[in-house]
Structures are given as structure tokens and as C-alpha cells.
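These notes are about the structure you will find just below.
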Amino acid sequence: MPELPEVETVCRGLLPILENAILQDVVVRQRNLRFPVPKNFRQKLLFRRVLTVRRRAKYILMMLDDDDVIISHLGMSGRMTIYPAGEDVPPPGRHDHIEFKTTTGNLIRFSDPRRFGFMTLTSTQCLKEHKLLRNLGPEPLGNGFSGPILAASLKGRNTPIKSALLDQRTLAGLGNIYVCESLFGAGISPKRKAATVQGTRAEKLVQAIRVVLTEALVAGGSSLHDYVQPDGKLGYFQNCFKVYGQEGKACPGCHCNFLVTGGIKRISQAGRSTFYCSRKQR
DNA sequence: ATTGGTTCCTGCTGGC
DNA sequence: TGCCAGCAGGAACCAA
């Protein structure tokens, strides 16, 4: 499930292929994604130049000439695959929804079995105020994020810290995996009331989030279920999970006490799995 | 205003 | 072994 590190890795993979590329062809095979692909998508993009590829939260932003922007989201199972010029391209399968071909012969294929992902169009002028982007919180790896800023946005919030961190308005880019890992890193219980994460605790959480995301980025993301890098390489951060998916295993922080603690627990919060150690996380 | 529940979709898993 | 119900999950949307 692509979260910030995975999306960032995808953007970094796409950039050298798409930067300054001209789109010779755009194929839309499945219009019915999470949001419908705009009717004029192909017409609008044909023979346009891509200036750069950026990320905001979990969104991929392809910046085009003449101030147009493609906003894309990988959803749960979305994938971008690059087929470099001259390489064989396998025939499209039923989940291969959109393709970009550059004048240099490179092909980028967007696939998404579960169709929670999408691609849509906007302009650079409308980007900041776009419905999908305007309420996003700060980038966790950027300068606009700090202990005091996080503490301020958690103030008065009665929801569990787990839910608050999944809320993209609190901070942008975390999903279930990295929320669980960050809370473990900070020693904070996922059940703790968000409003009580203040001061040193908020500071510690910010640091934990930064460490987890940075390590995951270095690892090329986590290859779980569907995720692979655009060049086909697997990310390997999934081998570094301390709690996510580790139900019943010894907590890496207190494994000597396994018989007492029972190790990593799994609970359900807001309909999603949370993994944590009840001894280390308070 | 904030919060929780529902929904979209398909592939995988576990129980019989 | 095979089938199918149930589950997973990002985020918009709706309801309380």
C-alpha cells in the first residue's frame, strides 16, 4: 500500500524518464477508476511536454507545459511500471488502465487491480486550492513540520492518536504501516487520546516519524502485496517492520518479557488494524 | 466542528 | 481439493 516513501520512490523513478519528455501517445483502457478519468484526458495530453514530477502527500503531480498538471494517486494497489525504449512491452492485462508513451520511445504503464487510484487533470493555478490538496497537513519531512506544530494540530482532538495521524489534515503522507511504526518508535500507545500528545511527547513523535520515513525511503519503500518501484525493483523496508504485521511476535524492544507481554498485539481502530506493544507504548 | 461509519474494488486467506 | 465469505485498506462522503 503506497504511502509517502513508496510514492516518493515512484516519483524519483519517473522523473528521469518524464522530465522534458513529450507525450507521443496516451492510452486510457479503463476510465472507471476511483474518480473517472476526464473525457479529454488523452486529447489534452497528446504532444505535451512534461516539465517535472513532484510529490505532495501521497499524490504524484506531473507538471506539464502550459500550466497543466496531472494529479495521480496510487490508492491501495496502484503501480507505475517503466518500459525503457527498445525493451519488450508485455501485452496489457486487465488491470493495466493507462499508458504514456514518450517520443523517445519510453513507456509508462499505470496498473491498479483494486482501482482505488486515479488520474485527473488540473492547472498550476488551481493546484493549491484543489479539493484534493487544499486541506492537506504539512509534509513530515519538510520544514513546516515540528513538535510544536504537531502538538497544536492535535490540541483538543478527542480521537485516538492513531486516527489523528492517519488523517491527512494532521500531516500528509502517512498510512497505516508508517503510523504504526512511528508510534512504536515514539513509545506512544495508538489508543492515547490525540490531545494528550503535547510537548516532549509530540517532539518525540515527530522525530520517530522522520526516522521511519527516512529509513523507508533509503530502502526504496516497502514491497507489500502490490508495491514495486517503477523499474521493477522491490523495496525492502518491509523487512524492517518492528510492529506492522508482527502480531504475536516478540516486541523488539522488550523480547525478554515475551511471556509477560505476549508480544505485539493487533487491535482494530476505525476499521483498520493497529499493531503495537502495550508494554513499550503508553 | 469533530468523529465514526460506509463505500468503492479485487485478491488473498481461512474455514468448512 | 475447492468453494466462498470475509477481510484489507485510502480517503471522499455522509450522518449524527
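Throughout, a chain's letter reflects where its sequence line sits, starting with A, and its residues are numbered from 1.
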Under a 3.5 Å threshold, yes or no: a donor from one side chain and an acceptor from the other, between A:Ser273 and A:Arg266?
yes
Classify the nucleic acid contact of A:Arg134 as base, sugar-phosphate or nothing, counting any heavy atom under 4.0 Å across all strands shown.
nothing
Answer with base, sugar-phosphate or nothing: what part of the nucleic acid does A:Arg115 contact at a heavy-atom distance below 4.0 Å?
sugar-phosphate
Given atom CZ of A:Arg157 and atom C1' of B:dG4, what is their separation to the nearest angstrom?
12 Å
Taking the nucleotide of DNA chain B with the closest heavy atom to each, which residue, A:Gly156 or A:Arg272, is nearer the 5' end?
A:Gly156
Just do the salt bridge (Lys or Arg N to Asp or Glu O under 4.0 Å) check on A:Arg55 and A:Glu139 with the steps written out, would you?
CA-CA 10 Å; A:Arg55 180 191 59 76; A:Glu139 284 289 330; 2.9 Å; yes
Is the ring centre of A:Phe116 under 5.5 Å from the base ring centre of C:dG10, and are the two planes under 30° apart, so that they stack?
yes
Whole-Å gap separating C1' (C:dA11) and CG (A:Leu33):
15 Å
Applying a 4.0 Å non-hydrogen cut-off, can you work out what A:Asp167 is touching in the nucleic acid: base, sugar-phosphate, or nothing?
nothing
Rounded to the Å, how far apart are A:Met76 CE and C:dA11 P?
10 Å
Assess, by modelled atom type and distance only, whether the side chains of A:Thr170 and A:Arg157 contain a donor and an acceptor separated by less than 3.5 Å.
yes
Nearest-neighbour nucleotide for the A:Thr159 side chain, C:dA11, B:dG11, B:dT3 considered:
B:dT3
Under 4.0 angstrom, heavy atoms only, what part of the nucleic acid is A:Leu132 near: base, sugar-phosphate, or nothing?
sugar-phosphate
Please compare A:Arg34 and A:Lys131 by the position of their nearest nucleotide in DNA chain C and report the one closer to 5'.
A:Arg34
Examine the side chains of A:Asp67 and A:Ser123 and answer whether a donor and an acceptor come within less than 3.5 Å of each other.
no
Whole Å only: how far is the CG atom of A:Leu166 from the C1' atom of C:dG10?
9 Å
Kindly say if A:Ser273 contacts the phosphate of C:dG9, meaning a side-chain N or O under 4.0 Å from OP1 or OP2.
yes
Starting the side chain at C-beta, find the nucleotide from B:dT10, C:dG10, C:dA8 nearest to A:Arg266.
C:dA8
Quick check on C:dG9: is either OP1 or OP2 less than 4.0 Å from any side-chain nitrogen or oxygen of A:Asn176?
yes
Rounding to 10 degrees, work out the angle separating the end axes of the helix from B:dT2-C:dA16 to B:dC16-C:dG2 (five pairs an end).
50°
Look at the rings of A:Phe41 and A:Phe100 and say which category their plane angle falls in: under 30° parallel, 30 to 60° tilted, over 60° perpendicular.
tilted
On the nucleotide C:dG9, are OP1 or OP2 found under 4.0 Å from the side-chain N or O atoms that A:Tyr178 carries?
no
Rounding to an integer number of Å, can you tell me how far A:Gln168 CD sits from C:dG9 P?
15 Å
Kindly say if A:His95 contacts the phosphate of B:dG11, meaning a side-chain N or O under 4.0 Å from OP1 or OP2.
yes
Flag, side chain of A:Arg31 to backbone of A:Pro36, donor-acceptor distance under 3.5 Å:
no
Gap between atoms CZ and C1', on A:Arg169 and C:dA12 respectively (whole Å)
11 Å
Name the nucleic acid region contacted by A:Tyr59, choosing base, sugar-phosphate or nothing; use a 4.0 angstrom heavy-atom cut-off, strictly under.
sugar-phosphate
With a 4.0 Å limit, can you tell me whether A:Lys58 has a side-chain N or O closer than that to the phosphate oxygens OP1/OP2 of C:dG10?
no
Whole-Å distance between B:dT10 C1' and A:Arg94 CZ?
8 Å
In sequence, state the C-alpha distance, the side-chain angles, and the governing distance for A:Arg29 and A:Asp96, and then conclude on salt bridge (Lys or Arg N to Asp or Glu O under 4.0 Å).
CA-CA 7 Å; A:Arg29 298 198 177 82; A:Asp96 297 333; over 6 Å; no
May I ask you to say what A:Ser163 touches in the nucleic acid, namely base, sugar-phosphate or nothing, with a heavy-atom cut-off under 4.0 Å?
nothing
Identified salt bridge (Lys or Arg N to Asp or Glu O under 4.0 Å) partner of A:Asp25 from the options A:Lys101, A:Arg48, A:Arg42:
A:Arg42
Could you state the atom-to-atom distance from CG of A:Asn135 to C1' of C:dG10 in whole Å?
16 Å
Begin with the C-alpha distance, continue with both residues' side-chain angles, and end with the deciding distance and a verdict on side chain to side chain contact (heavy atoms under 4.5 Å, CB included) for A:Arg192 and A:Arg201.
CA-CA 11 Å; A:Arg192 173 178 279 276; A:Arg201 211 174 246 131; 3.1 Å; yes
